[in-house]
**Q** 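My questions will all concern the structure given below.
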Amino acid sequence: MHRRTFFAAAAAALAQEPAPDWGGPVLDIHLHPKAVPDGEWTHMAGCGVTHAVILGRVTTQDEVQARIAKHPGRMKQFVSTNVAPPAAGAIAQLRNAAGRGAKGFGEMKSQVDVDGPEMRAVFDLATELGVPVLMHFQEVTQPGSPGTFNMGLARLPAILKAYPKTTFIGHADFFWANISADVPRDNGYPTGPVKPGGLTDRLLAEHPNLYGDLSANSGRNALARDPDFSAKFLERHKSKLMFGCDCSCTDGRGAGQRSNQPLIAGKCVARETLTALRKLASPATFRRIAWENGAKLLGFTA
């Protein structure tokens, strides 16, 4: 068989393959709007996810709400906007979006300090409204995500103490690189053994209002680098971790995946991460991370 024909046949077979059965409901807390109508549901159905949080910009709120309405009880909406100057009116935009049904803010990804006035205004509003904030922590620039965002993870403990009634959800490469006490400053996805005592490990243990979003290549990489550590980490923080995908594939099977990172290139991140979690965690811990923690926090029912 010709090489191109072989791969076309393999892709067609995968598209017809039944979605994985994860043994119960699964909540994806990090799914961005897709380019085609109902693309979010297509992705969920393809990878065996039953419920999801759709993270979109305030400018897409109406379209996302229309898609959510087609699948009652299966999706909720978080919204975000750029709070970096000169983004005048950002807080008013978030307030208006929450008044129109958004259940949280995120993912918040602006080129500001985590403890600067811009993000403090977001945290003040989240505290007032009683909604969570999902944050992208990046301190190493990347070709696909140039710049740095929510800088100063080392100063996050003071923010967590200053806003004890606000739920923070950590995400992205610098948050997950810090499961280790040894963090490179030139590589967002470090590999190899984890050195105990990492900042993220300590933050999850010490602050009840911080949760971890295991999405994207950053979460998948954190799970892969040191399986013995990861298994203990998942058990240690089983009440604070939540599954998310942040996947760019279109069908829940890997089609159109834009990342060239080895762990997820050409693959569905949801499938890859859930498979890793099932191998590393006990069935009870897998269930808590894949469903129970997020469902309790965000009010989903099976």
**Q** As an exercise, state the distance from OG1 of T50 to NE2 of H71, rounded to the nearest 0.5 Å.
**A**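 Spacing of OG1 (T50) from NE2 (H71) equals 13.0 Å.
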**Q** Looking at every non-hydrogen atom in both residues, tell me the closest pair between A276 and L223 and how far apart they are.
**A**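 Reported closest heavy-atom pair: CB-CD1, 4.3 Å.
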**Q** If we ignore hydrogens and angles and just use 3.5 Å, is the side chain of H171 paired with the main-chain N or O of H136 as donor and acceptor?
**A**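 Such a contact is absent between H171 side chain and H136 backbone.
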**Q** Verify side-chain contact (heavy atoms from CB on, under 4.5 Å) between R120 and I159, making sure each step is shown before the conclusion.
**A** CA-CA 9 Å; R120 286 181 181 271; I159 291 294; 3.7 Å; yes
**Q** Do V133 and F149 sit in the same hydrophobic cluster, where Ile, Leu, Val, Met, Phe, Trp and Tyr count as joined when their side-chain heavy atoms come under 4.5 Å apart?
**A**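 Each belongs to a different hydrophobic cluster.
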**Q** Taking T166's backbone N and O only, do any of them form a donor-acceptor pair with N209's side chain (distance below 3.5 Å, no angle check)?
**A**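 It does hold such a pair.
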**Q** Is the backbone N or O of C245 less than 3.5 Å from a side-chain atom of S215, with the two atoms forming a donor-acceptor pair by type?
**A**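 Answer holds: no.
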**Q** Using modelled atom types and a 3.5 Å cut-off, is there a donor and acceptor pairing between side-chain atoms of K240 and backbone atoms of L204?
**A**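 Answer holds: yes.
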**Q** If hydrophobic clusters are built by linking Ile, Leu, Val, Met, Phe, Trp and Tyr wherever their side-chain heavy atoms come under 4.5 Å apart, do Y211 and L156 end up in the same one?
**A**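 Hydrophobic grouping puts Y211 apart from L156.
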**Q** Spell out, yes or no, whether L210 and F78 are grouped together once hydrophobic residues are joined by side-chain heavy atoms under 4.5 Å, including indirect joins.
**A**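 Different hydrophobic clusters.
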**Q** Can you list the steps and then say if E128 with R95 is a side-chain contact (heavy atoms from CB on, under 4.5 Å)?
**A** CA-CA 10 Å; E128 175 190 338; R95 181 185 293 278; 2.8 Å; yes
**Q** Mind checking the CD-CD spacing from Q111 to E118? Nearest 0.5 Å is all I need.
**A**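 Taking CD in Q111 and CD in E118, the distance rounds to 11.5 Å.
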**Q** Provide the closest heavy-atom pair for M119 versus D113 in the form atom of the first, atom of the second, distance.
**A**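 Taking M119 first and D113 second, the nearest heavy atoms are CG-O, 3.7 Å.
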**Q** Among E292, E235, R278, which one satisfies side-chain hydrogen bond (donor to acceptor under 3.5 Å, both in side chains) with T285?
**A**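 Testing T285 for a side-chain hydrogen bond (donor to acceptor under 3.5 Å, both in side chains) against E292, E235, R278 leaves exactly one candidate, E235.
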**Q** Look up atom CZ in F168 and atom CZ in F123, then write down how far apart they are to the nearest 0.5 Å.
**A**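 Interatomic distance, F168 CZ to F123 CZ, rounded to 0.5 Å: 4.5 Å.
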**Q** Kindly compute the distance separating OG1 (T273) from CG (L214), expressed to the nearest 0.5 Å.
**A**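 The distance works out to 7.5 Å.
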**Q** Of all the heavy-atom pairs spanning A102 and Q61, show the shortest one and how long it is.
**A**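 Result for this residue pair: N-NE2, 3.8 Å.
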**Q** Within 45 degrees of the axis of the six-membered ring of Y189 and under 6.0 Å from its centre: does R220 put its NZ or CZ there?
**A**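 Not satisfied by the 6.0 Å and 45° rule.
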**Q** Could you tell me whether the side chain of F174 reaches within less than 4.5 Å of the side chain of N150, counting heavy atoms only?
**A**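 Of all side-chain heavy-atom pairs linking F174 with N150, none is under 4.5 Å.
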**Q** Could you tell me if the side chain of M242 sits less than 4.5 Å from the side chain of L297, heavy atoms only?
**A**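 Answer yes - side chains close enough.
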**Q** Quick one: pull up CG in L153 and CG in D115 and give me the separation to the nearest 0.5 Å.
**A**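 Going from CG on L153 over to CG on D115, the span is 11.0 Å.
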**Q** Mind checking whether F286 and W22 have parallel, tilted or perpendicular rings, split at 30° and 60°?
**A**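 Aromatic pair F286/W22 classed tilted.
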**Q** A side-chain contact here means heavy atoms from C-beta on lying under 4.5 Å apart; do Q65 and R100 qualify?
**A**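 SC-SC contact between Q65 and R100 confirmed.
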**Q** Supply the atom-to-atom distance F175 CZ to I169 CD1, rounded to the nearest 0.5 angstrom.
**A**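 Here the rounded value is 10.0 Å.
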**Q** Between V269 and C249, does a side-chain contact (heavy atoms from CB on, under 4.5 Å) hold up when you go through it step by step?
**A** CA-CA 8 Å; V269 183; C249 92; over 6 Å; no
**Q** Look at the side chain of R185 and the backbone N and O of V140, then say whether any donor-acceptor pair between them is shorter than 3.5 Å.
**A**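 Checked: no pair found.
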**Q** Looking at every heavy atom in both P33 and E40, which two are closest together, and how far apart are they?
**A**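 For P33 versus E40, the nearest heavy atoms are CA-OE2, 3.3 Å.
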**Q** Same cluster or not: are L27 and L234 linked, directly or through other Ile, Leu, Val, Met, Phe, Trp or Tyr residues, by side-chain heavy atoms under 4.5 angstrom apart?
**A**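 No: no chain of side-chain contacts under 4.5 Å links L27 to L234.
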**Q** For L298 versus K76, what's the shortest heavy-atom pair and its separation?
**A**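 Shortest heavy-atom contact: O-CE, 3.0 Å.
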**Q** If you define the side chain from C-beta out and look only at heavy atoms, does anything of K34 sit under 4.5 Å from T42?
**A**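 Contact flag for K34/T42 side chains = no.
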**Q** Return the orientation label for the W291 and H51 ring planes: parallel under 30°, perpendicular over 60°, tilted otherwise.
**A**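 Ring orientation of W291 relative to H51: tilted.
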**Q** Please give me the minimum heavy-atom distance between H30 and D28, naming the atom from each residue.
**A**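 That would be N-OD1, 2.9 Å.
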**Q** Out of curiosity, does L203 fall in the hydrophobic cluster containing V114 (side-chain heavy atoms, cut-off under 4.5 Å, transitive links)?
**A**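 Both belong to a single hydrophobic cluster.
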**Q** Check whether any side-chain N or O of S80 sits under 3.5 Å from a backbone N or O of M108 as a donor-acceptor pair, and report yes or no.
**A**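 Not confirmed, S80 side chain does not pair with M108 backbone.
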**Q** Are any side-chain N or O atoms of D201 and backbone N or O atoms of G197, one a donor and one an acceptor, separated by less than 3.5 Å?
**A**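 The answer is no, because no donor-acceptor pair under 3.5 Å joins these two groups.
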**Q** Side chains of F233 and L241: does their closest heavy-atom pair fall under 4.5 Å?
**A**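 The answer is yes; the side chains approach within 4.5 Å.
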**Q** Using modelled atom types and a 3.5 Å cut-off, is there a donor and acceptor pairing between side-chain atoms of S110 and backbone atoms of N82?
**A**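 Looks like no, no N/O pair under 3.5 Å.
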**Q** Report the residue from L280, L277, I179 that forms a side-chain contact (heavy atoms from CB on, under 4.5 Å) with S230.
**A**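 Testing S230 for a side-chain contact (heavy atoms from CB on, under 4.5 Å) against L280, L277, I179 leaves exactly one candidate, L280.
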**Q** Below 4.5 Å, heavy atoms only, C-beta onward: do F137 and N178 meet side chain to side chain?
**A**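 No, too far: nothing below the 4.5 Å cut-off.
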**Q** Indicate whether the side chain of Q138 and that of S145 have a donor and an acceptor atom separated by less than 3.5 Å.
**A**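 Yes, S145 and Q138 have a side-chain donor paired with an acceptor closer than 3.5 Å.
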**Q** With a 3.5 Å distance limit and no angle check, can you tell me whether Q257 reaches the backbone of K267 through a side-chain donor-acceptor pair?
**A**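 Here the side-chain-to-backbone pair exists.
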**Q** Check whether any side-chain heavy atom of K279 sits under 4.5 Å from a side-chain heavy atom of P227, and report yes or no.
**A**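 Counting from C-beta outward, K279 and P227 never come under 4.5 Å.
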**Q** Would you check, one step at a time, whether the test side-chain contact (heavy atoms from CB on, under 4.5 Å) holds for D173 with Q142?
**A** CA-CA 10 Å; D173 52 344; Q142 302 173 24; 2.3 Å; yes
**Q** Ignoring hydrogens and geometry, is there a side-chain-to-backbone donor-acceptor pair from T250 to G256 under 3.5 Å?
**A**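 No; zero donor-acceptor contacts below 3.5 Å.
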